[in-house]
Amino acid sequence: MNEDFAPLLVAWQRQHGRHGLPWHGTRDPYRVWLSEIMLQQTQVATVRAYYLRFLARFPTVGELAAAPLDEVLALWAGLGYYSRARNLHACAQAVAALGGFPRTAAALAELPGIGPSTARAIAAFCFDERLSIFDGNVQRVLARLLAFDEDLSGTRAVRALWAQADALVPARAADMPAYTQGLMDLGAGLCTPRSPDCAACPVASLCQARAQGRVGELPRKTKKLKRGRRESWWLWLRREPDGALWLQQRAATGIWAGLWTLPLFDTEADLQAVVPGAVLEPLPQIQHALTHLDWCLHPRRAAWQGQAAPLPEGRWVAPADWPAYGMPAPLQKLLA
DNA sequence: AAATCGGGGTG
DNA sequence: CACCCAGATTT
């Protein structure tokens, strides 16, 4: 098994794997790093356009490091997990100070936003380091390949499977990029969570879950995700006659960290208290799902006359300036 | 170990 | 609707 798996996967990747994505065909650690951060918990189709915009605006890590954080956040807006953007900027500055990216996974993992799996992806793609990535794809592919039936909700099981993953990497370091890409291509294209295409799998002959008829049961994960609920009222204050919007910047941590939004309130009474005389126009409520939260947003629109500030925090932003302000996805849709 | 942190794609 | 995605960080 340990000797047979990697050559089969590498050969399959070179012939049938993905090669045309914007971050493929390079070993530039800046480009690989940027793609890996964006791809954390985020699908390829979503990342593509963001990646191209980032690369066009910041062709080098130095230019990213020199940019204002607000501009990075504005470019990131809509992609989610905004601590990634903050860490991206901090990491770029650290790398610029170092004079370049470190060349080992261990050193890469010391940088902000680069965890153990991302560090190994960069090290494998750029520097041929013989260590395995361990993302969701790999957990699924290897749990099936090895019929690993421990519960991957626990750290013990994860460590055990990861150690097995490291034992499977190719003997030749030069094969690490194709191997690493192959693991992800296999997980994304064939060894999918539901209805995997075992008939097309290059390692079906080695797959122990398939031999045991247990592909559908693996990997095991008992961790139940339970979402809380929250309700908020959203004050859409529109200044007459120029249509400027009152926006507030979110705190540096928490939901939508660093982004700009309409003022949020826990109750409609709290919202009305800010604009005592105003007529509130109720707009259809918005259901917004976060990983740990079902959020029901109630937009209330009102007109505002004059230049005065309605709230102590925030500022008027004219429509022409909106693109420079990073807004969360539901607000982008609301304003569209 | 558990919680936090987005948004969209998928069956 | 639930589950997943080229996870990391904080508590």
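Each chain gets a letter, A, B and so on, in the order the sequences are listed, and its residues count up from 1.
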- Item | Salt-bridge contact A/R156-A/E150 (side-chain N to carboxylate O under 4.0 Å) | no
- Answer yes or no: is there an ion pair linking A/R120 with A/D166, defined by an N-O contact shorter than 4.0 Å? yes
- So what does A/G154 touch, heavy atoms closer than 4.0 Å: a base, only the sugar-phosphate, or nothing? nothing
- Would you kindly give the CZ-to-P distance between A/R84 and C/dC5, to the nearest whole Å? 15 Å
- Which nucleotide in the list C/dA8, C/dA6, B/dG7 gets nearest to the side chain of A/W256? B/dG7
- In this structure, are over 12 heavy atoms from other groups packed under 6.0 Å from A/Q15 atom CD? no
- What residues 107-141 of chain A contributes to the DNA chain B interface at heavy-atom separation below 4.0 Å is none
- Hey, is the side chain of A/H292 poking within less than 4.0 Å of OP1 or OP2 on B/dC5, counting only N and O atoms? yes
- Query: Hey, is CD on A/E313 packed in by over 12 heavy atoms from elsewhere, all under 6.0 Å?
  - Reply: no
- Query: If you look at every strand shown and take non-hydrogen atoms under 4.0 Å, does A/W23 touch a base, only sugar-phosphate, or nothing?
  - Reply: base
- Query: Rounded to whole angstroms, how far apart are CG on A/L183 and C1' on C/dC5?
  - Reply: 16 Å
- Message: Measure CD/A/Q40 against P/B/dG7 and give the value in whole Å, please.
- Response: 16 Å
- Message: Expressed as a whole number of angstroms, how long is the span from A/K333:NZ to B/dG8:C1'?
- Response: 8 Å
- Identify whether any heavy atom of A/G78 sits under 4.0 Å from a base atom; if not, whether one sits that close to sugar-phosphate; answer base, sugar-phosphate or nothing. sugar-phosphate
- Task: Would you mind reading off the distance between A/R250 atom CZ and B/dT4 atom P, rounded to a whole angstrom?
- Result: 15 Å
- A/Y81 OH to C/dT10 P, straight-line distance once rounded to whole Å: 15 Å
- Query: Does a distance-only test, which skips hydrogens and angles, find a donor-acceptor pair under 3.5 Å between the side chain of A/T46 and the base of B/dG7?
  - Reply: no
- Query: Of all the choices, C/dT9, B/dG7, C/dA6, which nucleotide is nearest to the side chain of A/Q181 once you look at every atom?
  - Reply: C/dA6
- Whole-angstrom distance between B/dG6 and C/dT10, as gauged at atom P: 14 Å
- Item | DNA chain B: 5'-proximal contact among A/R230 and A/R156 (nearest heavy atom) | A/R156
- Any donor-acceptor pair under 3.5 Å joining the side chain of A/T42 to the base of B/dG8? no
- Item | Cationic tip of A/R301 above A/W236 ring, under 6.0 Å, 45° of axis | yes
- Item | Phosphate-side-chain proximity, A/Q41 and C/dG7, N/O vs OP1/OP2 below 4.0 Å | yes
- Query: OP1 or OP2 of B/dG7 sitting under 4.0 Å from any side-chain N/O of A/Y82?
  - Reply: yes
- Among the nucleotides B/dG7, C/dA8, C/dA6, which one has an atom lying closest to any side-chain atom of A/A329? B/dG7
- Task: Give a yes/no answer on whether the side chain of A/H288 brings an N or O atom under 4.0 Å of OP1 or OP2 in B/dG6.
- Result: no
- Message: Between B/dG11 and C/dA6, how far apart are the two P atoms, rounded to whole Å?
- Response: 14 Å
- Query: Would the A/W33 and A/F101 ring centres measure less than 6.0 Å apart?
  - Reply: yes
- Task: Measure from NZ or CZ of A/R230 to the centre of the six-membered ring of A/W295, then state whether that distance is under 6.0 Å and the direction lies within 45° of the axis.
- Result: yes
- Note on the structure: A/Y50 atom OH is separated from B/dG6 atom P, nearest whole Å, by 13 Å
- Message: Distance check needed: B/dT10 P versus A/Q43 CD, whole Å only.
- Response: 7 Å
- Say whether A/D28 and A/T26, considering side chains only, have a donor N or O and an acceptor N or O under 3.5 Å apart. no
